[in-house]
Amino acid sequence: MVSRLTSNAENQSWEWPSALDVDELLRGGWRARPFRQFLLKVHSRCNLACDYCYVYTLADQSWRGRPMVMDPQLVSIAAQRIAEHAADHDLPSVRVVLHGGEPLLAGHEYLAKIVELVRSEVGPGLRVEAVLQTNAVLLDEAALSSFDAMDVRVGVSLDGGPRENDRNRRFADGRGSYPAVMQGLTRLTSERFRHLFSGLLCTVDLLNDPVETYEALSAFDPPTMDFLLPHATWDTPPPGWRKPATAYADWLIPIFDHWYESGSDSVIRIFQEIVSLLLGGGSASESVGLTPSTVVVIETDGTIEQTDSLKAVRQGAPMTGLNIVDHSFDEALRHPGMVARQLGWEALSDTCKACKFGRVCGGGLYTHRYRSDDGFKNPSVYCDDLYRLIDHIRERLVADLRGSVH
């Protein structure tokens, strides 16, 4: 049987895709893609109080009722479920992301133990890529030495220089986090540990200067960086939003031009994905394109959830009604919400299908399509921004291609 929504908050039967008939899809030949990225919420609290955080400041407040730290027994069960899923689908590798809250609040020794346990459970035939996403405040030398020994790569969230970062990323008492983050990031980017550095994530703030923000991030020479649109929906639009809404594109375009013209070796993920899609390639990101999502979230209490950005939608929106003790990951693959994020073109609204950039944009991030009267079969609340950004990048590529011909 298809897994059904079980909570009152989740049981929005009029919203797409709640009534999606997964059995009918399977009879028609559709097949789910197995999960390849397992996001473990190892600690449900944070040592910062970022004012845009989707976990603590937006619609879903389920963190309040969850244990702070994932119990070792649940970690063991999660490892067994990952091993089971990988074996059932003959996967050569999986990615395990240590996430929170702030995962380093669980202690670096415990994080290393989690990675060791997962790798031990899956055995030598399956490669487990381990990644930590952190605010870097607790990223000391002991932690980095531990991650080096366990081959755990480290990504850091940073919104620019001191002024840009501390506009939103502060401690609960109002102090800016930049000095503490700087110390951790400086250790990570030292000669001894730089090979662990996976990149930077920056949430866009229209009040910050885009090129100054980009240059502040570039100073750390990250192998990758990404600029994230603030999580928002049609019910709760992002800051500075109005129709026609291109303020976010207008913020990103100067960064694209600066990056594109500089020939930088750093990868800016959103731009790279759009260029790839415009040239006929695929996307490795859920932000654009039609690549099926293969991410699943395991909360500190063992519940299995959809992408955690759905916490921006409403209370209970990420829920599946499943948990790792009683259910396999294959059961989660049959949840309508999981299926919707693997349907690609068929999950798009008619507006998106009629758009010339429909296959490039892919409707934008799934969360950003939500509207309470009908669910997720809508264009992104950032539709105008995405169209303008993609069109600008296309024009730059076309101009260069024409120039190379002549």
Modelled atom types, side-chain donor and acceptor of T291 and E286, under 3.5 Å: no
D326, CG: over 12 other non-hydrogen atoms inside 6.0 angstrom: yes
Step by step, would you call S285 with I270 a side-chain contact (heavy atoms from CB on, under 4.5 Å)? CA-CA 8 Å; S285 169; I270 187 172; over 6 Å; no
Would you confirm whether E273, through its side chain, and A284, through its main-chain N or O, come within 3.5 Å as a donor-acceptor pair? yes
The test is side-chain contact (heavy atoms from CB on, under 4.5 Å); show your working for D60 and L310 and say whether it passes. CA-CA 8 Å; D60 186 291; L310 287 170; over 6 Å; no
Is there a donor-acceptor pair closer than 3.5 Å between any side-chain N or O of R81 and the backbone N or O of V325? yes
Under 3.5 Å, side chain of E164 to main-chain N/O of G161, donor-acceptor pair present? yes
Does a donor on one side chain sit under 3.5 Å from an acceptor on the other, for N208 and T213? no
Counting N and O atoms only, with roles assigned by atom type, does the side chain of D71 sit under 3.5 Å from a partner on the main chain of D301, one being a donor and the other an acceptor? no
Acceptor/donor pairs from residues 39-48 side chains to any protein atom, 3.5 angstrom cut, sequence neighbours excluded:
unit_1 : atom_1 : unit_2 : atom_2 : d
K41    : NZ     : H99    : ND1    : 3.3
K41    : NZ     : G100   : O      : 2.5
K41    : NZ     : D308   : OD2    : 2.6
H43    : ND1    : R45    : N      : 3.2
S44    : OG     : P67    : O      : 2.9
R45    : NH1    : W63    : O      : 3.1
R45    : NH1    : R66    : O      : 3.4
N47    : OD1    : N135   : ND2    : 2.8

CD/Q272 to CE/M225 distance, rounded to the nearest 0.5 angstrom? 12.0 Å
Would the number of heavy atoms belonging to other residues, nucleotides or ligands and lying under 6.0 Å from CD of E261 be above 12? yes
Specify the closest pair of heavy atoms between T307 and P318, including all atoms of both residues, with the distance to one decimal. O-CB, 4.0 Å
Are a donor atom and an acceptor atom from the side chains of T57 and D51 found within less than 3.5 Å of each other? no
For a 4.5 angstrom cut-off between non-hydrogen side-chain atoms, does F197 reach P222? yes
Does any N or O in the side chain of W234 come within less than 3.5 Å of the main-chain N or O of P379, such that one atom is a donor and the other an acceptor? yes
For atom CZ of R33, decide whether the heavy atoms of other residues, nucleotides or ligands shown that lie under 6.0 angstrom number more than 12. no
Side chains of D257 and H392: any donor to acceptor distance under 3.5 Å? yes
Straight-line distance of L185 CG to F193 CZ, nearest 0.5 Å: 13.5 Å
Might you work through the side chain to side chain donor-acceptor pair (under 3.5 Å) test for E102 and T134, ending with a clear yes or no? CA-CA 6 Å; E102 171 49 48; T134 176; 2.8 Å; yes
Distance only, no hydrogens: is a donor on one side chain within 3.5 Å (strictly under) of an acceptor on the other, for Q133 and S157? yes
Exactly one of L389, D385, I393 clears side-chain contact (heavy atoms from CB on, under 4.5 Å) with L252, and that residue is L389
Ring centre gap for F329 and F38 strictly below 6.0 Å: yes
Salt bridge between D391 and R388, side-chain N to carboxylate O under 4.0 Å? no
Heavy-atom pair of closest approach, residues L74 and T300: CD1-O, 3.4 Å
Any chance the side chains of T233 and D235 put a donor and an acceptor closer than 3.5 Å? no
Hey, could you give me the OG/CG distance between S328 and L333, rounded to the nearest 0.5 Å? 8.0 Å
So do the side chains of S76 and L117 get within less than 4.5 Å of each other, counting heavy atoms only? yes
V94 side chain near H85 side chain, heavy-atom distance below 4.5 Å: no
dist S287:OG -> R269:CZ (nearest 0.5 Å) comes out at 7.0 Å
Go through the structure and list residues passing salt bridge (Lys or Arg N to Asp or Glu O under 4.0 Å) with R95, not counting sequence neighbours. E129
Note, V97 side chain near Q37 side chain (heavy atom, < 4.5 Å): yes
Report the distance from atom CZ of R334 to atom OG1 of T320, rounding to the nearest 0.5 Å. 14.0 Å
Does the side chain to side chain donor-acceptor pair (under 3.5 Å) test come out yes or no for H89 and D330, once each step is laid out? CA-CA 10 Å; H89 295 278; D330 270 16; 2.7 Å; yes
Quick one: are the ring centres of F271 and Y260 less than 6.0 Å apart? no
Among R314, R369, K377, which one satisfies salt bridge (charged side-chain N to carboxylate O under 4.0 Å, His left out) with E15? R314
Test item: R175 side-chain N/O and R170 main-chain N/O as donor-acceptor pair under 3.5 Å: no
Taking the side chain from S349 and the backbone from C352, do they hold a donor-acceptor pair closer than 3.5 Å? yes
Any donor-acceptor N or O pair under 3.5 Å, side chains R341, S293: yes
Yes or no on salt bridge (charged side-chain N to carboxylate O under 4.0 Å, His left out) for E24 and R27, after CA distance, side-chain angles and deciding distance? CA-CA 5 Å; E24 183 179 355; R27 286 193 297 269; 5.2 Å; no
Quick one, I304 with I324, criterion side-chain contact (heavy atoms from CB on, under 4.5 Å). Give me CA distance, side-chain angles, the key distance, then yes/no. CA-CA 7 Å; I304 298 173; I324 57 171; 3.7 Å; yes
Measure the shortest side-chain to side-chain distance between P230 and Y382 over non-hydrogen atoms and say whether it is less than 4.5 angstrom. yes
Indicate the atoms forming the closest heavy-atom contact of V296 with M338, along with that distance. CG2-CE, 3.8 Å
Between L20 and A340 the two heavy atoms that sit nearest each other are CD2-N, 4.2 Å
Measuring only between side-chain heavy atoms, which start at C-beta, is R192 closer than 4.5 Å to L144? no
To the closest 0.5 Å, what do you measure between OG (S177) and CG (L158)? 8.0 Å
Donor-acceptor pair, distance only, cut-off 3.5 Å: does the side chain of E121 make one with the backbone of V118? no
Taking M182's backbone N and O only, do any of them form a donor-acceptor pair with T186's side chain (distance below 3.5 Å, no angle check)? yes
Using the salt bridge (charged side-chain N to carboxylate O under 4.0 Å, His left out) rule, take E305 and K311 through it: C-alpha gap first, then chi angles, then the decisive distance, then the call. CA-CA 10 Å; E305 293 203 340; K311 294 179 188 297; 3.5 Å; yes
Please confirm whether the backbone N or O of Y178 pairs with a side-chain atom of R169, one donor and one acceptor, at under 3.5 Å? no
Side-chain heavy atoms of L290 within contact of R359, under 4.5 Å: yes
Go through it in stages, so that I can follow the logic: the residues are V137 and L104, the test is side-chain contact (heavy atoms from CB on, under 4.5 Å), and I'd like the CA-CA distance, side-chain angles, deciding distance and then a yes or no. CA-CA 9 Å; V137 168; L104 278 170; over 6 Å; no
If we only count heavy atoms from C-beta on, is the Y110 to V69 side-chain gap below 4.5 Å? yes
